[in-house]
Amino acid sequence: MKVFSENDRLFMKRALKLAARGKFTTSPNPAVGCVIVRNGMIIGEGYHHKAGEPHAEIMAMRSAGASVAGATCYVTLEPCSHYGRTPPCAKALVKAGVKRVVIACGDPNPQVAGRGVKILKDAGIEVDVGLYENKALKLNRAFFKSIVKNIPYITVKIGMSLDGKIALSDGRSKWITSDKSRKAVQKMRAESDAIITGAGTVLADNPMLNVRYDELPEKVFAKYDINRDKQPLRVVLDSHLRINHDNFAMFSQGKILLVRPSLNHKMEAEKLNEHVEIFYAPCEASGRICLSAVLSELSKRQCRKVLVEAGPTLVAAFLKENLADELAVFVAPKILGANAKSAFACDEVSSLDYLKPYKIKTLKKCGTDFFVRALLA
């Protein structure tokens with residue numbers, strides 16, 4: 001097992017910090033950072049800013065402003081080996097004459113998957129892989145899942161009271177959670193490629209489900225690249241044809257995918273206007289739209305990270321089918337009572353032995369609320 005030096009760790013930490021700057025803007029590409037070092041000093045650094053623009057390695061070499069021959073390159077993801085919208089970075093590093101390349105994690109993309117490392121090694125470059133691998137994997141977990149499984153990374157967001165309720169019995173829910181929690185949701189939306197909701201939520205709340213960038217804290221703009229014009233694709237599941245898109249404001253701006261049942265069991269799309277596209281998806285025996293089919297379509301559209309903001313029935317469906325990678329739960333210190341609407345419409349388990357275990361990854365205060373991030377163990 002390779003033993004990395006303190007300098008190796010220092011420079012890779014810097015590369016990871018650079019990579020994170022692009023996590024709001026690089027999709028469908030991964031967020032990648034790169035640092036080039038000679039004689040223990042950083043001579044160049046960079047990160048991938050946006051899909052279609054130069055990759056991190058190229059940005060770092062440009063930053064160096066002079067020859068990088070003989071230098072060590074620290075990069076958070078295996079350099080690409082294929083021609084896409086940009087030339088392969090592995091070949092660029094070979095041409096530049098770097099002596100050593102330290103990589104945080106390999107790239108599962110079938111177009112790369114070890115080929116970048118092979119190009120470097122075949123050129124006589126020393127290559128070390130695995131420094132802060134877990135941090136690099138976490139940074140691009142949505143990209144990796146989408147590439148490997150052809151399905152987006154799913155976060156189910158819930159705002160609820162201490163007794164697990166999301167609204168009063170008459171449907172009123174503004175506002176259960178705190179202002180700070182609602183601002184945190186704006187950040188989650190900004191990171192997402194798509195937001196999924198159900199017809200029931202649209203009918204009850206008439207939401208916009210867009211990113212309100214003016215609500216993001218200034219520290220977010222200081223720490224990350226932010227494109228204020230970017231809005232996630234909003235996906236509305238309408239299993240029972242209850243939505244007339246002319247009646248709701250959200251359908252008059254941005255891009256919306258209105259999902260309806262397919263009568264012939266074929267998946268096909270129909271563009272209504274500049275904002276709305278109808279996608280016809282197959283249904284389950286229950287009459288509910290097949291979630292896997294919807295997620296497969298979103299993957300084809302290169303949606304890597306998807307946020308679910310929905311009512312208890314749709315939330316329960318994602319949980320029942322094990323489609324939720326994580327739960328993001330904002331818990332307000334309020335009690336709404338027995339007749340209020342529950343956050344979960346899950347079937348009761350027959351035994352405590354069959355309860356799905358969740359692993360708590362984050363537990364912290366968020367204004368007057370608590371925020372819990374849980375992963376399926």
Side-chain angles (χ1 to χ4, degrees), residues 2-23 25-133 135-137 139-140 143-144 147 225:
K2 172 68 180 180
V3 177
F4 293 99
S5 70
E6 285 303 310
N7 271 350
D8 287 337
R9 297 180 182 280
L10 177 68
F11 296 131
M12 187 59 81
K13 281 182 179 179
R14 176 58 183 166
L16 285 164
K17 187 174 183 179
L18 288 167
R21 283 197 62 87
K23 72 176 187 175
T25 54
T26 60
S27 186
N29 288 358
V32 183
C34 180
V35 170
I36 299 175
V37 176
R38 180 187 286 123
N39 298 325
M41 299 290 291
I42 294 177
I43 62 171
E45 60 181 28
Y47 62 96
H48 185 40
H49 291 252
K50 184 180 179 182
E53 295 186 2
H55 290 185
E57 299 93 326
I58 307 303
M59 296 297 289
M61 286 191 283
R62 289 180 182 177
S63 168
S67 172
V68 298
T72 296
C73 172
Y74 295 86
V75 62
T76 59
L77 184 65
E78 178 182 359
C80 63
S81 58
H82 62 289
Y83 286 88
R85 284 192 272 183
T86 59
C89 293
K91 291 185 177 180
L93 292 172
V94 170
K95 185 177 180 180
V98 298
K99 182 180 180 181
R100 180 185 177 217
V101 178
V102 182
I103 302 168
C105 68
D107 190 339
N109 186 338
Q111 292 181 302
V112 184
R115 294 183 179 89
V117 169
K118 186 177 186 302
I119 288 172
L120 298 173
K121 288 185 174 180
D122 287 350
I125 296 173
E126 180 186 352
V127 181
D128 296 308
V129 183
L131 178 56
Y132 291 126
E133 181 179 37
K135 291 181 182 294
L137 290 171
L139 177 64
N140 284 307
F143 171 80
F144 294 141
I147 286 292
D225 288 355

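Hydrogens, waters and symmetry mates play no part in the numbers below; they use all other heavy atoms, side chains included. Being a predicted model, the structure only gives us computed values, none of them experimental.
Nearest heavy-atom pair across G116 and A90 is O-CB, 3.8 Å. Of all heavy-atom pairs spanning A104 and M12, the tightest one is N-CE, 3.6 Å. Nearest heavy-atom pair across I125 and V98 is CG1-O, 3.5 Å. Taking all atoms of both residues into account, the shortest heavy-atom contact from P54 to R62 is CG-NH1, 3.5 Å. Nearest heavy-atom pair across L77 and G106 is CD1-O, 3.6 Å. Closest non-hydrogen pair, I36 versus A71, comes out as CG2-CB, 3.7 Å.
Taking the side chain as every heavy atom from C-beta outward, M59 and Y47 never approach each other to under 4.5 Å. Between L18 and C34, every side-chain heavy-atom pair lies at or beyond the 4.5 Å cut-off. Counting only heavy atoms from C-beta outward, the side chains of I119 and K91 approach each other to under 4.5 Å. A heavy-atom distance below 4.5 Å is not found between the side chains of E126 and T72.
Put simply, the residue from I58, V75, V101 that forms a side-chain contact (heavy atoms from CB on, under 4.5 Å) with L93 is V101.
T76 places a side-chain N or O within donor-acceptor distance of the main-chain N or O of G33, the cut-off being under 3.5 Å. Judged by distance alone, the side chain of D107 and the main-chain N or O of N109 form a donor-acceptor pair under 3.5 Å. No donor-acceptor distance shorter than 3.5 angstrom exists from the side chain of H49 to the backbone of T26, with no hydrogens or angles considered. Listed for the E78 side chain is no donor-acceptor partner under 3.5 Å among the backbone atoms of I103.
Distance OG1/T25 to NE2/H48: 8.0 Å, rounded to 0.5 Å. Residue E57 holds its CD atom at 6.0 Å from SG of C73, rounded to the nearest 0.5 Å.
Annotation: D122, atom CG; neighbour count of heavy atoms from other residues, nucleotides and ligands within 6.0 Å is above 12.
Within the structure, the salt bridge (Lys or Arg N to Asp or Glu O under 4.0 Å) test picks out no pair touching residues 32-44 (sequence neighbours left out).
Ring geometry, Y74 versus F11: the interplanar angle falls from 30° to 60°, so the pair is classed tilted.
The pair D8-R100 meets the salt-bridge criterion, since a charged nitrogen lies less than 4.0 angstrom from a carboxylate oxygen.
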